[in-house]
Amino acid sequence: MTYNYEYLKKAVYDMTKIDLNAYKENQMKRRIDTLIGKHKINGYDHFVAALKSDKELFETFVNYLTINVSEFYRNPDQWELLDKRYIPQLIQRFGRTLKIWSAACSTGDEPYSLVMALSKHLPLNHIQIIATDLDKQVLAKAKVGLYNEKSIAGVPHEFKRRYFKKVGLSYQISDEIKARVHFKEQNLLKDTYPNVCNMIVCRNVLIYFTEDAKDQIYRKFNQSLLPEGILFIGSTEQIINYSEVGFERLNSFFYKKV
């Protein structure tokens, strides 16, 4: 049996194209070791063999690797700032048809929140969100659009009433909101980025990446945005070298392409 992490990283990349070199090693290794222990597998070689033969374990592993903690209107103060200040600025600068990318969108809470936030300023048929994630399982959940009460706790009351329907103990988001979001599988470290975006939203994801990987991603985000486009990041993050990667800091969570 072997617990050679270099071996595991190569095997995972061959199977999934997920590059574990881009993640903080101690944190990621600890997560993987916990999963292996839970399944009572001895050694990375046996674990890799199990991933190749057990489709359910493979899907569980990919889901486990991609950190999926999400909720609607997470950090409400930031969403209020988006509503009051930055959406009006974007409309004034770019007009009433905006291209917005929700990167690492998880189970859809964020892109659906974006549609609702934008609907206060624009007709729904003017709103189109591109939503991407590495994890097929969470994208499948996002397309279904079924959430528990905790997930939608932060949704403004007017939107809860208008856009959610109770189904058993869960809440189903309306088809008119779903229709404004196009979900797509994407690896931020490997795949082509959308271009000519007016805003990119990527929140509470890059904290798991190395500094080099973050730098690479922020530079690519900058290339994807139109001049004066906005990047909206999470409360757990900050861009220390924002000017080096082509941004002006508007406040702790919003950055503008120079």
Side-chain angles (χ1 to χ4, degrees), residues 18-28 66-95 98-106 109-111 113-114 117-118 121 128-134 154 184 186-258:
I18 297 171
D19 185 2
L20 294 183
N21 287 310
Y23 293 83
K24 294 173 183 173
E25 183 168 319
N26 289 341
Q27 190 178 50
M28 184 54 74
T66 53
I67 322 296
N68 297 307
V69 179
S70 191
E71 61 192 47
F72 284 79
Y73 282 82
R74 188 176 183 184
N75 310 116
D77 291 350
Q78 296 168 31
W79 286 91
E80 186 173 357
L81 200 54
L82 179 69
D83 173 45
K84 297 285 198 305
R85 184 181 302 173
Y86 295 117
I87 291 175
Q89 283 183 15
L90 286 169
I91 293 170
Q92 185 177 19
R93 172 72 176 84
F94 298 111
L98 300 173
K99 183 176 181 181
I100 295 174
W101 174 24
S102 173
C105 67
S106 189
D109 315 44
E110 181 176 274
S113 295
L114 282 167
L118 287 159
H121 304 264
Q128 191 62 55
I129 310 292
I130 302 161
T132 65
D133 202 277
L134 181 64
K184 183 180 174 186
Q186 191 216 31
N187 183 332
L188 281 174
L189 293 164
K190 174 178 160 288
D191 295 332
T192 304
Y193 284 22
N195 60 6
V196 295
C197 294
N198 306 117
M199 182 166 72
I200 297 172
V201 182
C202 185
R203 307 179 68 230
N204 307 307
V205 174
L206 299 193
I207 52 167
Y208 302 104
F209 288 77
T210 64
E211 293 306 315
D212 284 347
K214 283 185 206 174
D215 190 78
Q216 174 191 335
I217 290 167
Y218 286 135
R219 288 178 191 277
K220 288 168 80 174
F221 280 160
N222 186 272
Q223 290 167 11
S224 291
L225 285 165
L226 287 167
E228 296 189 46
I230 288 175
L231 173 64
F232 179 17
I233 65 171
S235 58
T236 57
E237 297 156 335
Q238 55 180 320
I239 309 175
I240 303 295
N241 63 333
Y242 58 86
S243 57
E244 288 176 31
V245 295
F247 287 102
E248 173 190 339
R249 184 179 181 274
L250 300 175
N251 71 21
S252 298
F253 315 109
F254 293 89
Y255 295 78
K256 181 169 72 174
K257 177 172 177 173
V258 178

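We're numbering straight along the sequence, starting at 1.
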Test side-chain hydrogen bond (donor to acceptor under 3.5 Å, both in side chains) applied to [X] - qualifying residues, sequence neighbours left out:
X    : answer
S113 : none
T132 : W101, Q186
S235 : N75

Measuring from atom [atom1] of [X] to atom [atom2] of [Y], what distance do you get when rounded to the nearest 0.5 angstrom?
X    : Y    : atom1 : atom2 : value
C105 : L134 : SG    : CG    : 11.0 Å
I233 : I200 : CD1   : CD1   : 12.5 Å
Y218 : N241 : OH    : CG    : 9.0 Å
L231 : Y242 : CG    : OH    : 13.5 Å
L118 : M199 : CG    : CE    : 6.0 Å

Can you name the nearest heavy-atom pair linking [X] to [Y], along with the distance?
X    : Y    : value
S102 : L114 : CB-CD1, 4.1 Å
W79  : E110 : CH2-O, 4.0 Å
N222 : G246 : ND2-O, 2.7 Å
Y255 : I239 : OH-N, 3.4 Å
P111 : I129 : CB-CG2, 3.9 Å

Inset, instruction - Show your working on side chain to side chain contact (heavy atoms under 4.5 Å, CB included) between R85 and L250 and close with a plain yes or no. - result: CA-CA 11 Å; R85 184 181 302 173; L250 300 175; over 6 Å; no
Legend entry - Candidate list L226, I230, L225, V245, test side-chain contact (heavy atoms from CB on, under 4.5 Å), partner K257, passing option: L225
Run the ring pair (Phe, Tyr, Trp, His ring centres under 6.0 Å) test against [X] and tell me which residues pass, sequence neighbours left out.
X    : value
F253 : none
F247 : none
Y86  : F254

Inset, instruction - List the steps, then state whether side chain to side chain contact (heavy atoms under 4.5 Å, CB included) holds for F232 with Q78. - result: CA-CA 9 Å; F232 179 17; Q78 296 168 31; 3.6 Å; yes
Inset, instruction - Kindly indicate whether the side chain of E25, heavy atoms from C-beta on, has any atom under 4.5 Å from the side chain of T210. - result: no
Residue pairs fulfilling salt bridge (charged side-chain N to carboxylate O under 4.0 Å, His left out) with at least one residue in [range], sequence neighbours excluded:
range            : result
residues 220-235 : R93-E228
residues 208-219 : E211-K214, D215-R219
residues 230-242 : none

Legend entry - Counterpart residues, side-chain contact (heavy atoms from CB on, under 4.5 Å), relative to S252 (two or more places apart): R249
Legend entry - Main-chain N/O of R74 paired with R203 side-chain donor or acceptor, under 3.5 Å: yes
Can you give me every donor-acceptor pair (side chain of residues 189-198, partner residue at least two apart or in another chain, under 3.5 Å) with its distance?
from: D191; atom 1: OD2; to: N187; atom 2: N; distance (Å): 2.7
from: Y193; atom 1: OH; to: L188; atom 2: O; distance (Å): 2.6
from: N198; atom 1: OD1; to: K99; atom 2: N; distance (Å): 2.6

